[in-house]
Amino acid sequence: MPDGGLNPAQQTAVKALSGPLLVLAGAGTGKTRVITYRIAELIRRGTTPSRILAVTFTNKAAREMRDRALALIGRRRVEVKPPEISTFHSLCVRVLRRHIHRIGYPSEFAIYDRGDQETVARSALREIRVSNERLRPADLLARIGAWKSQSIRPAMARELAAGDLGELAAVAYDKYQASLKAAGAVDFDDLLLLTEELFENHPEVRFAEATRFDHLLIDEYQDTNGLQYRIVRALAERHRNLCVVGDDDQSIYGWRGAEVEHILHFTRDWPDAVVVKLEDNYRCRAPIIALANTLITHNTARHQKVLRAAKEGGDPPRFARFDDESREAEAVVGEIRRQLDREGPERPVASDYAILFRTNEQPRAFELELRRARIPYVLVGGQSFYDRREIKDLLSYLRVLANPTDEVSLLRIINVPARGLGPGSVQSLLDVAVARGEPLWTALPHAIADGSVPEPVAQRVRAFRDLIEGYRAQATRTPLVDLVRHLVEAIGYRAELTRLYPNAGDAETRWSSVEELFNAVGQYAARADPPTLRGFVEDASLAGRDDERNEDDPRRERAVTLMTLHSAKGLEFHHVYLVGMEEGLLPHHRALAEGSAQIAEERRLCYVGVTRARETLTVTMAKSRMKWGRAEPSLPSRFVLEMRGESARALEIAKAANERPAGGANPSRRGGADSTKKVRPASGAPKVGSKPRPVEAARARSALLRKKSRRG
DNA sequence: CCCTGCGCTTTTTTT
DNA sequence: AAGCGCAGGG
């Protein structure tokens, strides 16, 4: 990045303040910078800060952009009514809180996460008597997601559905949506879908929202799906001050309904749009850019742009292949350890390093090695805090307190800790609710009054209701943290944990996440105005995997980052290890089975990984990898060969992979399997700027490959 | 009703 | 390797 200032392209992007603007920004070309400068420029030219809306992809990105923008503008100037910077989902939550009652949902609606969705999907399938073998809840959810991103409602889905499974799914979709509504709950897609519905059917809502802002900026535009696209259009068509920023080469959420077409066709939708291309990369060393460019040219159907490296010099990326995933982890972690132990002024810190991978099972081996090497690390994503059993239990309690008709949460806690309301009793209670056509919660008094359940059960139900009602009554009076602490005490959750986890250490670990929950509540209460139970629960649902709890954890600053390629989007690190670069992993089996469009997306994913690296990039793979407890042979990814200009061999591998399922004989072993055995700088990649430095490269690679006897 | 243990399946990515 | 569903004994 040029110090302080902006290059000419960036300046154009910042200064074209009115009308539609498309910023095609390659990786590391300073797009976040352009957006923040633009916000500052708008304000400097007299726009009221609060009339600017910027939309980012994650909550974390929103927080960072807010901080940077405020730093640029000067906090004092905007602290009363700052620009609004949020994600699509938070934006829609706010719209829905205000208006959702118009379409028959309570404004206290709960937001269901993936696990809750699966529960609802499962019971929808049960209701229409479809066995899990024919249509798994996860598959149903995938279909529902696809329908929703195209704004297809159950009724229309039934008309469009083709084939047996499609029709079943459409019927299940209907049930699924009905259960959500009955529970007063929405899923992630509903946040967008229902917002769009309000915009469509209630012009006054659309008008109110569209006139709240005069400027709309969208980051990561390549990852917008149909719903988001239509919401953007609805919000921007009056003022037309729409600035979208993105990189079609980094579109990696097609599986979630994102359509690159939106960015590819932006100028068709907005014919008067100004287009600015940012092609100067200030992040990566020249050889890394060369590698990335070589890779991405294997994708067709993209905006023509070539990343130019602003940073000359640097080591060529290295490639290494190991016997199995443990060796791979050992070598990578061993190298990081040696770098951290180096003496001298240029000694790196752990947070300079990132290990990037495709799937969530891959970090295991690396975690093991990092712990063994006593290197601190943070695993981003993985099992999130809010996925932990104890947190889900307690959060369910809080959700029931906020909205007792939230059926999934109620069913989760009605017998946790066990209070003698087992599956049999709960079924009887549910039968009463179904017969009365009302939510379980409101049916409970009737069920225990009319003798539908035996008296002892009725007693327990009464006690449970009293417990919940008691805390509901307190909720507005008691400080949030106290409320949660008392509740946990009252239900005897600590005892439950020691019972569940007889191993004292395990129970302690679980209890410490409960204490972390207390902290999270405390932090929320300190920041929110006013803090409410519902507000906290909502935060927890939307925070998802980017957990801000750890953000101010001092350990994080000194830690190696482990994360998936998807989570790495938008980030950068001095030293990147792109691990597990094997056929079947990247590109993933599933993508290989689905076809070339999916393989192109995997290639973009690889591109994202490569372009995260500022100084050095190391690509590693294993010859064999454990799968379902068995060691399976693994071939180098075709992307490795493409990057190194050996695409002929990549083609061979691709062919072999395609032929394998069909024929018994396996021609693939002849190919590239051993070709990358020796680590070599990318011979095919042009070296920009610096002369090759064979000595250093050789030293680096021997260090990486150095055999170690330590094991076990 | 509650707990334990066995055997079966499952593996992409996430706001 | 791990989570889930189901059967069988307290």
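Naming convention: chains lettered A, B, ... in sequence-line order (proteins, then strands); numbering from 1 in each chain.
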task: Report yes if the ring of A:Trp255 lies under 5.5 Å from the six-membered base ring of B:dT13 with planes under 30°, and no otherwise.
output: yes

- prompt: What do you reckon, do A:Phe57 and the base of B:dT15 stack, with centroid distance below 5.5 Å and planes below 30°?
  reply: no

message: So if I take every side-chain heavy atom of A:Asn415 and compare against B:dC2, C:dA1, B:dT10, which nucleotide ends up nearest?
response: B:dC2

message: Among B:dT12, C:dA1, B:dC1, which nucleotide has an atom closest to any side-chain atom of A:Ser425?
response: B:dC1

Whether A:Glu369 side chain and A:Ala365 backbone form a donor-acceptor pair below 3.5 Å: no

field: Phosphate OP1/OP2 of B:dT14: any A:Ser567 side-chain N/O under 4.0 Å
entry: yes

- prompt: Base, sugar-phosphate alone, or nothing: which one does A:Arg499 contact when heavy atoms must sit under 4.0 Å apart?
  reply: sugar-phosphate

message: Looking at every non-hydrogen atom in both residues, tell me the closest pair between A:Leu192 and A:Ile231 and how far apart they are.
response: O-CD1, 3.7 Å

A:Asp539 CG to B:dT15 P, straight-line distance once rounded to whole Å: 15 Å

query: Tell me: CZ of A:Arg122 to C1' of B:dT9, nearest whole Å?
result: 13 Å

query: So, A:His588 and B:dT12: ring centres less than 5.5 Å apart, planes less than 30° off, yes or no?
result: yes

- line: The single option from A:Met626, A:Arg364, A:Glu582 that satisfies side-chain contact (heavy atoms from CB on, under 4.5 Å) with A:Glu325 is A:Met626

Nucleotide nearest A:His566 (side chain, heavy atoms from C-beta), chosen from B:dT13, B:dT15, B:dC1: B:dT13

query: What is the distance from CG of A:Leu368 to P of C:dA1, rounded to the nearest Å?
result: 12 Å

- request: Check for a donor-acceptor pair, side chain of A:Arg399 on one end and backbone N or O of A:Ile111 on the other, with a separation under 3.5 Å.
  value: yes

task: Grab the CG-P distance between A:Leu500 and C:dG3 for me, whole Å please.
output: 13 Å

query: Looking at the side chain of A:Arg358, which of B:dT15, B:dT13, B:dT10 is the nearest nucleotide?
result: B:dT13

- prompt: Among C:dA1, B:dT12, B:dC1, which is the nearest nucleotide to the side chain of A:Pro423?
  reply: B:dC1

message: Whether A:Arg256 contacts B:dT14 is assessed here as follows: a side-chain N or O lying under 4.0 Å from the phosphate OP1 or OP2. Is that the case?
response: no

field: Closest-nucleotide 5' rank along DNA chain B - winner of A:Val426 and A:Lys627
entry: A:Val426

- prompt: Can you tell me how far P of B:dT10 sits from CD of A:Glu361, to the nearest Å?
  reply: 15 Å

query: Looking for any heavy atom pair under 4.0 Å, which part of the strands does A:Phe88 touch: base, sugar-phosphate only, or nothing?
result: nothing

query: Do A:Glu538 and A:Ser541 meet the criterion of a side-chain donor-acceptor pair at a distance under 3.5 Å?
result: no

query: Side chain of A:Ala418: nearest nucleotide among C:dA2, B:dC2, B:dT15?
result: B:dC2

- prompt: Which sits closer to the 5' end of DNA chain B, A:Glu594 or A:Asp189, going by the nucleotide each is nearest to?
  reply: A:Glu594

query: Any side-chain N or O of A:Asn360 under 4.0 Å from OP1/OP2 of B:dT13?
result: yes

task: For A:Arg389 and C:dA2, give me the distance from atom CZ to atom P, rounded to whole Å.
output: 16 Å

Atom pair distance, as rounded to whole Å: CG in A:Leu356 and P in B:dT12: 20 Å

message: Looking at B:dC1, I'd like to know if its phosphate oxygens (OP1 or OP2) sit under 4.0 Å from a side-chain N or O belonging to A:Arg419.
response: no

message: With a cut-off of less than 4.0 Å, is there a side-chain N or O of A:Thr564 near OP1 or OP2 of B:dT14?
response: yes

field: Distance, nearest 0.5 Å, that separates CG of A:Leu379 from CG of A:Asn360
entry: 7.5 Å

- prompt: Taking atom C1' of B:dT14 as reference, at what distance in whole Å does atom CG of A:Leu565 sit?
  reply: 14 Å

